[in-house]
Amino acid sequence: QVQLVESGGGSVQSGGSLRLSCTAPRYIGSPYCMGWFRQAPEKEREGVATIIKAGGTSYIDSVKGRFTISRDNAKNTVYLLMDSLKPEDTAMYYCAADFYTCSMAVRWGYWGQGTQVTVSS
């Protein structure tokens, strides 16, 4: 099964920053949409941010103004810069990619293994 490769998680104090990276293998082609989802303990997974190949982005309200998603199409890589982190951002973060949809409401075709982000108060 094809997996995306993530890096960049860790532990920070409230107000700190982290940058996540995720690369899709070149042999799958260039996905239409790449994005980040997260799942906190005992909570459902939620979409955080998405970016299409042309550069358009979408964010959930709770991260607007604090998180920035970007993409390097030449490297098949997506980034998530997280600033002003809060304890409620603590979760396992998953990178995902899809060739047909950018909807956070459906399950995408390709996923990473997850990287833990922990924000302490």
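For reference, positions follow the sequence shown, starting with 1.
- If you chain together hydrophobic residues whose side chains sit under 4.5 Å apart, Met34 and Val106 fall into the same group.
- Side chains of Lys53 and Ser30 form a contact here, defined as non-hydrogen atoms less than 4.5 Å apart.
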Evaluation steps, side chain to side chain donor-acceptor pair (under 3.5 Å), between Thr23 and Thr77: CA-CA 4 Å; Thr23 299; Thr77 297; 2.8 Å; yes

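- Linking ILVMFWY residues whenever their side-chain heavy atoms come closer than 4.5 Å, directly or via other members, places Met92 and Val48 in the same cluster.
- Using a 4.5 Å heavy-atom threshold, the side chains of Glu46 and Ile60 count as touching.
- For the pair Thr90 (side chain) and Val119 (backbone), a donor-acceptor distance under 3.5 Å is present.
- The shortest distance between side-chain heavy atoms of Tyr32 and Ile52 falls below 4.5 Å.
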May I have the step-by-step check of side-chain contact (heavy atoms from CB on, under 4.5 Å) for Tyr79 and Leu20, ending in yes or no? CA-CA 5 Å; Tyr79 306 96; Leu20 307 182; over 6 Å; no

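- By the 4.5 Å heavy-atom criterion applied to side chains, Val63 and Arg38 are counted as neighbours.
- No path of Ile, Leu, Val, Met, Phe, Trp and Tyr side chains, each step under 4.5 Å between heavy atoms, connects Tyr27 with Val5, placing them in separate hydrophobic clusters.
- Under the 4.5 Å side-chain contact rule for hydrophobic residues, Leu4 and Leu80 do not share a cluster.
- Between atom CD of residue Gln113 and atom OG of residue Ser7 there is a gap of 9.0 Å, rounded to the nearest 0.5 Å.
- The list of disulfide bond (SG atoms under 2.5 Å apart) pairs with a residue in residues 89-121, not counting sequence neighbours, reads Cys22-Cys95, Cys33-Cys102.
- If you check the side chains of Ser121 and Ser14, you find no donor sitting under 3.5 Å from an acceptor.
- Between Phe37 and Trp111, the angle of the ring planes lies from 30° to 60°, which puts this pair in the tilted group.
- Atom OG of Ser120 sits about 5.0 Å away from atom CD of Gln13, to the nearest 0.5 Å.
- A donor atom on one side chain and an acceptor atom on the other are found under 3.5 Å apart for Ser17 and Asp83.
- A chain of hydrophobic side-chain contacts below 4.5 Å, direct or via other Ile, Leu, Val, Met, Phe, Trp or Tyr residues, connects Tyr93 to Val12.
- Partners of Asp98 by salt bridge (Lys or Arg N to Asp or Glu O under 4.0 Å), not counting sequence neighbours: none found.
- In this structure the side chain of Arg45 reaches within 4.5 angstrom of the side chain of Arg107, judged on heavy atoms.
- By the 4.5 Å heavy-atom criterion applied to side chains, Leu18 and Leu85 are counted as neighbours.
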Quick one: do Asp89 and Lys86 satisfy salt bridge (charged side-chain N to carboxylate O under 4.0 Å, His left out)? Show the steps, please. CA-CA 5 Å; Asp89 294 316; Lys86 304 175 180 180; over 6 Å; no

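- Not one N or O on the side chain of Gln39 forms a donor-acceptor pair closer than 3.5 Å with the backbone of Glu44.
- Of the inter-residue distances, the one linking Glu88 atom CD with Ser62 atom OG reads 8.5 Å to the nearest 0.5 angstrom.
- Summarising the local packing, CZ of Phe99 is surrounded by more than 12 heavy atoms from other residues, nucleotides or ligands at distances under 6.0 Å.
- Because its NZ or CZ atom is not both nearer than 6.0 Å to the ring centre of Trp36 and within 45° of the ring axis, Arg19 does not count as a cation-pi partner of that residue.
- The shortest distance between side-chain heavy atoms of Thr57 and Thr68 does not fall below 4.5 Å.
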Decide yes or no on side-chain contact (heavy atoms from CB on, under 4.5 Å) for Met82 and Val117, but give the supporting numbers first. CA-CA 10 Å; Met82 304 182 292; Val117 171; 3.8 Å; yes

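- Under the 4.5 Å side-chain criterion, counting only non-hydrogen atoms from C-beta, Tyr59 is not in contact with Thr50.
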